[in-house]
Amino acid sequence: MAQTTPNHTQIVSGWAAHDPSGKITPFIFKRRENGINDVTIKILYCGICHTDLHQARNDWGITMYPVVPGHEITGLVLKVGSNVKNFSVGDRVGVGCLAATCLECDFCKESLENYCEDLQFTYNGVFWDGSITYGGYSKMLVTNHRYVVHIPENLPMDAATPLLCAGVTVFTPFRDHDLHKTPGKKIGVVGLGGLGHVAVKFGKAFGHHVTVISTSPSKEEEAKGHLSADDFIVSTDDQQMQRGKRSLDFILNTVSAKHCLGPLLELLKVNGTMAVVGAPDQPFTLPSFPLIFGKRAVKGSVIGGMEETREMMELCGKHNITCDIELTTPDKINQAFDRVAKNDVRYRFVIDVANSPAAAVDNAQIYSSL
């Protein structure tokens with residue numbers, strides 16, 4: 001498996017982790033030449049997703065070092081291939097988690113590329129030519145146009161950046177249940193973090209009664225005052241949970257810590273559904289009675305396909321939906337990682353790539369990287 005191929009001739013400045021310490025340092029590497037189906041993008045901003053920490057620190061045992069994280073990318077088109085008709089130089093664009101799929105399976109044909117068995121991710125994947133994919137913690141990206149979307153002109157690029165992962169992750173379950181088209185439902189959002197705060201914004205924009213469910217009473221003011229949630233339930237308060245029984249049509253569960261789904265399922269009406277988008281490192285507890293006595297369902301969802309991503313971005317433009325972010329710079333990524341690990345961010349970090357100096361490394365690292 002090669003990190004690069006002879007077609008990788010463009011020298012790029014970026015930031016990478018080189019071992020399981022996860023420490024991010026400057027890194028010089030090569031990207032491929034722009035192909036006939038490719039778009040070359042000058043990266044302006046890149047979001048920090050919790051996945052970046054896991055990959056940088058090899059928490060899942062699959063990291064190929066050096067790893068250049070980043071799958072929430074926005075920037076400007078610098079070059080387009082001869083087969084590319086839907087993008088032009090200067091366009092505001094975004095790239096999320098997908099770098100390559102087979103293009104032939106039923107999922108790819110139905111624009112559900114995120115379920116393709118040959119899916120390769122924007123970073124820490126293996127591209128069709130055998131090269132390892134490097135992500136958005138870098139100055140420039142070359143990618144197939146199929147996995148690129150336009151960013152609406154009215155959305156600020158920095159605050160739109162996390163929509164490429166966090167946004168589509170919470171939008172897709174809404175879309176699966178036609179909640180983007182059928183207002184007036186009562187929905188619950190479990191967890192008020194990077195995913196949850198965007199879910200609340202979608203729920204309100206789509207005309208629903210939104211209840212935030214959290215273990216933290218201190219988040220009630222934020223949920224109602226800042227995000228305009230209609231109700232708030234402290235999930236550790238038995239009286240509040242009892243009052244909320246059978247009150248919700250749909251629940252979106254964004255929590256990535258181990259917890260029991262039973263009490264949350266009791267909040268659903270008969271025939272209600274809970275969609276799970278959080279990924280705890282230990283299994284959920286799922287008692288059977290709340291399922292069978294309420295005819296309820298639990299389903300999962302992971303990011304979204306490209307049609308879903310484009311639709312999500314268009315609706316964000318229509319409703320002026322962005323993420324609440326903290327801007328940081330590449331030299332402070334390690335501090336940002338530490339804060340993300342402690343859930344000490346409101347609500348997503350975004351790296352200001354364009355206004356940061358190019359990565360400075362010594363000659364020995366340059367020669368070892370190329």
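Note that the structure is predicted; figures quoted are calculated from it, not measured. Numbering starts at 1 and runs along the sequence shown.
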Exercise for review: Could I get the full list of side chain to side chain contact (heavy atoms under 4.5 Å, CB included) partners for D238, not counting sequence neighbours?
Suggested key: none
Point to revise | Contact check, side chains of K219 and V212, non-hydrogen atoms, under 4.5 Å | key: no
Check your understanding: Which is it for D281 and H54 under the side chain to side chain donor-acceptor pair (under 3.5 Å) test, yes or no, and what are the steps along the way?
Key -> CA-CA 11 Å; D281 56 6; H54 292 306; over 6 Å; no
Exercise for review: Verify, without hydrogens or angle tests, whether D230 (side chain) and T211 (backbone) share a donor-acceptor contact under 3.5 angstrom.
Suggested key: no
Check your understanding: Between atom OG1 of T51 and atom CG of L53, what is the distance when rounded to the nearest 0.5 Å?
Key -> 9.0 Å
Exercise for review: Start with the C-alpha gap between L76 and L44, add the side-chain angles, then the distance that decides, and say whether side-chain contact (heavy atoms from CB on, under 4.5 Å) holds.
Suggested key: CA-CA 7 Å; L76 302 176; L44 301 182; 3.9 Å; yes
Exercise for review: Without swapping roles, check the side chain of H197 against the backbone of G193 for a donor-acceptor pair under 3.5 Å.
Suggested key: yes
Check your understanding: Hey, does S138 have a side-chain heavy atom less than 4.5 Å from the side chain of F29?
Key -> yes
Review point. Is F174 reachable from M313 through a run of hydrophobic residues whose side-chain heavy atoms are each under 4.5 Å from the next?
Key: yes
Practice item. Look at the aromatic rings of F202 and F206 and report parallel, tilted or perpendicular, splitting at 30° and 60°. Key: parallel
Check your understanding: So, do V12 and Y134 sit near enough that their side-chain heavy atoms are less than 4.5 Å apart?
Key -> no
Review point. Is it the case that more than 12 heavy atoms not belonging to K332 sit under 6.0 Å from its NZ atom?
Key: no
**Study point:** Pairs meeting criterion salt bridge (Lys or Arg N to Asp or Glu O under 4.0 Å) with involvement of residues 37-65, two or more places apart
**Key:** R32-D38, R57-D338
**Study point:** Test salt bridge (charged side-chain N to carboxylate O under 4.0 Å, His left out) applied to K258 - qualifying residues, sequence neighbours left out
**Key:** none
Review point. Within the distance-only criterion (no hydrogens, no angle test), does the side chain of N114 pair as donor or acceptor with the backbone N or O of V302 below 3.5 angstrom?
Key: yes
Check your understanding: Just checking, any donor-acceptor pair under 3.5 angstrom between side chains of Y147 and T101?
Key -> yes
Check your understanding: E113 versus R146: any side-chain heavy-atom pair under 4.5 Å?
Key -> yes
Revision key, fill the gap. Between P287 and G262 the two heavy atoms that sit nearest each other are CG-CA, 3.6 Å
Review point. Do I233 and L261 belong to the same hydrophobic cluster, where Ile, Leu, Val, Met, Phe, Trp and Tyr are linked whenever their side-chain heavy atoms lie under 4.5 Å apart, directly or via other members?
Key: yes
Revision key, fill the gap. D249 meets the salt bridge (charged side-chain N to carboxylate O under 4.0 Å, His left out) criterion, sequence neighbours left out, with K269
Point to revise | salt bridge (charged side-chain N to carboxylate O under 4.0 Å, His left out) against E314, all qualifying residues, sequence neighbours excluded | key: none
Review point. Any donor-acceptor pair under 3.5 Å linking the side chain of S256 with the backbone of P280?
Key: no
Review point. Among all residues two or more places apart in sequence or in another chain, which pass the side-chain hydrogen bond (donor to acceptor under 3.5 Å, both in side chains) test with E308?
Key: none
Review point. Do K299 and D176 pass the side-chain contact (heavy atoms from CB on, under 4.5 Å) test, and can you show the C-alpha distance, the side-chain angles, and the key distance before you say yes or no?
Key: CA-CA 11 Å; K299 62 182 294 186; D176 286 345; 4.1 Å; yes
Practice item. Mark yes or no for whether Y115, through its side chain, and G304, through its backbone, hold a donor-acceptor pair below 3.5 Å. Key: no
Review point. Just wondering, do H71 and F121 contact through their side chains at under 4.5 Å, heavy atoms?
Key: no
Practice item. Only counting residues at least two apart or in another chain, list the ones meeting side chain to side chain contact (heavy atoms under 4.5 Å, CB included) with K23. Key: S21, T25, N334
Practice item. Say whether, by atom type as modelled, one donor and one acceptor occur between the side chain of T133 and the main chain of F127 under 3.5 angstrom. Key: no
**Study point:** C102 and E117, any side-chain heavy atoms less than 4.5 Å apart
**Key:** no
Practice item. Count the heavy atoms of every other residue, nucleotide or ligand shown that sit under 6.0 Å from CH2 of W60, and state whether that count exceeds 12. Key: yes
Review point. Do L265 and L286 touch side chain to side chain, with heavy atoms closer than 4.5 Å?
Key: yes
**Study point:** Any donor-acceptor pair under 3.5 Å from S235 side chain to I213 backbone
**Key:** no
Check your understanding: Below 4.5 Å, heavy atoms only, C-beta onward: do E153 and R92 meet side chain to side chain?
Key -> yes
Check your understanding: Given T74, which of V149, L164, V93 fulfils the side-chain contact (heavy atoms from CB on, under 4.5 Å) condition?
Key -> L164
Practice item. Give a yes or no on whether the backbone of T63 and the side-chain of N58 come within a donor-acceptor separation of less than 3.5 Å. Key: yes
Review point. Does atom CZ of F107 have more than 12 heavy-atom neighbours from other groups under 6.0 Å away?
Key: no
Check your understanding: Got a sec, which residues hit side chain to side chain contact (heavy atoms under 4.5 Å, CB included) with N83, two or more places apart in sequence or on another chain?
Key -> I36, N37
Practice item. Check step by step if side-chain contact (heavy atoms from CB on, under 4.5 Å) holds for I251 and L268. Key: CA-CA 7 Å; I251 291 176; L268 285 170; 3.6 Å; yes
Review point. Step by step, would you call V198 with F171 a side-chain contact (heavy atoms from CB on, under 4.5 Å)?
Key: CA-CA 9 Å; V198 185; F171 170 73; over 6 Å; no
Review point. Partners of D178 by side chain to side chain contact (heavy atoms under 4.5 Å, CB included), sequence neighbours excluded?
Key: H180, T182
Review point. Is it the case that H8 and T5 place a side-chain donor and acceptor less than 3.5 Å from each other?
Key: yes
Exercise for review: For the residue pair F337 and Y137, categorise the inter-ring angle as parallel (less than 30°), tilted (30 to 60°) or perpendicular (more than 60°).
Suggested key: tilted
Practice item. Please check if L252 and L267 belong to a single hydrophobic cluster, counting links between Ile, Leu, Val, Met, Phe, Trp and Tyr side chain heavy atoms closer than 4.5 Å. Key: no
Practice item. Go through the steps for F87 and H145 under the test ring pair (Phe, Tyr, Trp, His ring centres under 6.0 Å), then give the verdict. Key: CA-CA 8 Å; F87 296 100; H145 73 99; 7.0 Å; no
Check your understanding: Hey, is the main chain of P69 close enough, under 3.5 Å, to the side chain of N124 for a donor-acceptor pair?
Key -> no
**Study point:** Shared hydrophobic cluster for V39 and V142 (ILVMFWY, side-chain gaps under 4.5 Å)
**Key:** yes
Check your understanding: Any sub-3.5 Å donor-acceptor pair from Q120's side-chain atoms to A100's backbone N or O?
Key -> no
Point to revise | Partner residues of R175 under the side-chain hydrogen bond (donor to acceptor under 3.5 Å, both in side chains) criterion, sequence neighbours left out | key: E307, E311
Revision key, fill the gap. Nearest heavy-atom contact between V350 and I325 is CG2-CG2, 3.8 Å
**Study point:** Closest non-hydrogen atom pair between K185 and H208, with its separation
**Key:** N-ND1, 3.1 Å
Practice item. Is it possible for you to say whether I151 and I73 belong to one hydrophobic cluster, with membership spreading through side-chain heavy-atom contacts below 4.5 Å? Key: no
Exercise for review: State, without any angle test, whether H226 and D324 hold a side-chain donor-acceptor pair at a distance under 3.5 Å.
Suggested key: yes
Exercise for review: Using side-chain hydrogen bond (donor to acceptor under 3.5 Å, both in side chains) as the criterion, list what pairs up with D344, not counting sequence neighbours.
Suggested key: R339
Exercise for review: Please list, chain by chain and in numerical order, all residues satisfying salt bridge (charged side-chain N to carboxylate O under 4.0 Å, His left out) with R348, sequence neighbours excluded.
Suggested key: E72
